[in-house]
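Each remark here refers to the structure printed beneath this line.
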Amino acid sequence: MKKTGLYFGSSTGHVEGIADKVAQLLGIDAADVHNVANATPESAMEYDLLILGSSTWGYGDLQDDWEGFLPKLAKQDLSGKQFAVFGCGDSSSYSDTFCDAMAEIAEQVKAAGATLIGQIPADGYSYDATRCEEDGQLIGCCLDEDNESDETDDRLDTWVQAIKKA
Ligand SMILES: Cc1cc2nc3c(=O)[nH]c(=O)nc-3n(C[C@H](O)[C@H](O)[C@H](O)COP(=O)(O)O)c2cc1C
């Protein structure tokens, strides 16, 4: 059984709400769910699998609390760990930078030695562009609570199955 920790940053509560759902779906204890606004990067060292969630702000930028946390997390030696990413964006108003913060997190956490799991098909989305798409797949679970919240449960299910298979 992989020891799993979930780290999220959320400005208006969307990612925070999704983090609760993800914790339930993956059986993660509340004590292992961390808001990056007040988490320590060293705490990540105790986990085999990191689940990382951020919304995207500005024009393709990290959620504010991740701006401070990500560089510190990426300074840890994360080799041997697996990680998966999820996030919320707005595929209508920010159609060219949809969920880009997830890709920034993935890039830096990969560079720190961890292995990405939980890629899913990019079918059924309406964005114009995202850094999260690679070879027709999404690097993780991109969600749009502003416009497509009716898709969220199915998207989460697909992603959770991919994580469990990895
Ligand atoms: C000023 C502003 C900038 C935003 N920029 C982006 C963006 O570049 N890409 C994107 O996908 N979503 C963008 N969004 C949408 C938010 O990421 C989305 O509403 C998200 O659900 C917020 O989640 P949170 O409440 O967990 O922070 C932006 C929203 C606002 C208000």
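Order of listing sets the numbers, starting from 1, for every ligand and every atom in it. Atoms considered below: every heavy atom in the structure, side chains included; atoms not considered: hydrogens, waters and symmetry mates.
- At distances below 3.5 Å, not a single donor-acceptor pair connects side-chain atoms of Asp29 with backbone N or O atoms of Ala31.
- Heavy-atom contacts of Gly89 reach the following atoms of ligand 1: 10 (C), 11 (O), 12 (N), 17 (O) (cutoff under 4.0 Å).
- Using cut-offs of 30° and 60° for the angle between ring planes, the Tyr125 and Tyr127 rings count as tilted.
- Annotation: the span from Glu145 atom CD to Glu151 atom CD amounts to 11.0 Å, rounded to 0.5 Å.
- Residue contacts with ligand 1, taken as heavy atom pairs separated by less than 4.0 Å, involve Phe98 via backbone and side-chain atoms alike.
- A donor-acceptor contact shorter than 3.5 Å links the side chain of Asp100 to the backbone of Arg131.
- Close approach of ligand 1 to Gly60 is summarised as follows: ligand atoms under 4.0 Å from at least one heavy atom of the residue are 7 (C), 8 (O).
- A donor-acceptor pair is defined here as one N or O able to donate and one able to accept, closer than 3.5 Å; such a pair exists between the side chain of Thr130 and the backbone of Phe98.
- Looking at Glu145 next to ligand 1, no N or O pair under 3.5 Å apart turns up.
- Of the N or O atoms in Glu16, none lie within a sub-3.5 Å distance of an N or O in ligand 1.
- Both the backbone and the side chain of His14 come within contact range of ligand 1, each with a heavy atom under 4.0 Å.
- Proximity of Cys99 to ligand 1, defined as any heavy-atom pair under 4.0 Å, is confined to the backbone N, CA, C and O atoms.
- With hydrogens and angles disregarded, no donor-acceptor distance shorter than 3.5 Å links the side chain of Thr56 to the backbone of Gly89.
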Exercise. Do Trp159 and Leu138 pass the side-chain contact (heavy atoms from CB on, under 4.5 Å) test, and can you show the C-alpha distance, the side-chain angles, and the key distance before you say yes or no?
Worked result: CA-CA 10 Å; Trp159 178 64; Leu138 293 176; over 6 Å; no

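- The distance from ligand 1 to the heavy atoms of Ser10 drops below 4.0 Å at these ligand atoms: 24 (P), 25 (O), 26 (O), 27 (O).
- Annotation: atom 5 (N) of ligand 1 to nearest protein heavy atom, Gly58 O, 2.9 Å.
- Near Asp146, with a cut-off below 4.0 Å to any heavy atom, the atoms of ligand 1 are 18 (C), 19 (O), 21 (O).
- Of all the atoms in ligand 1, the ones that sit under 4.0 Å from a non-hydrogen atom of Tyr59 are 8 (O).
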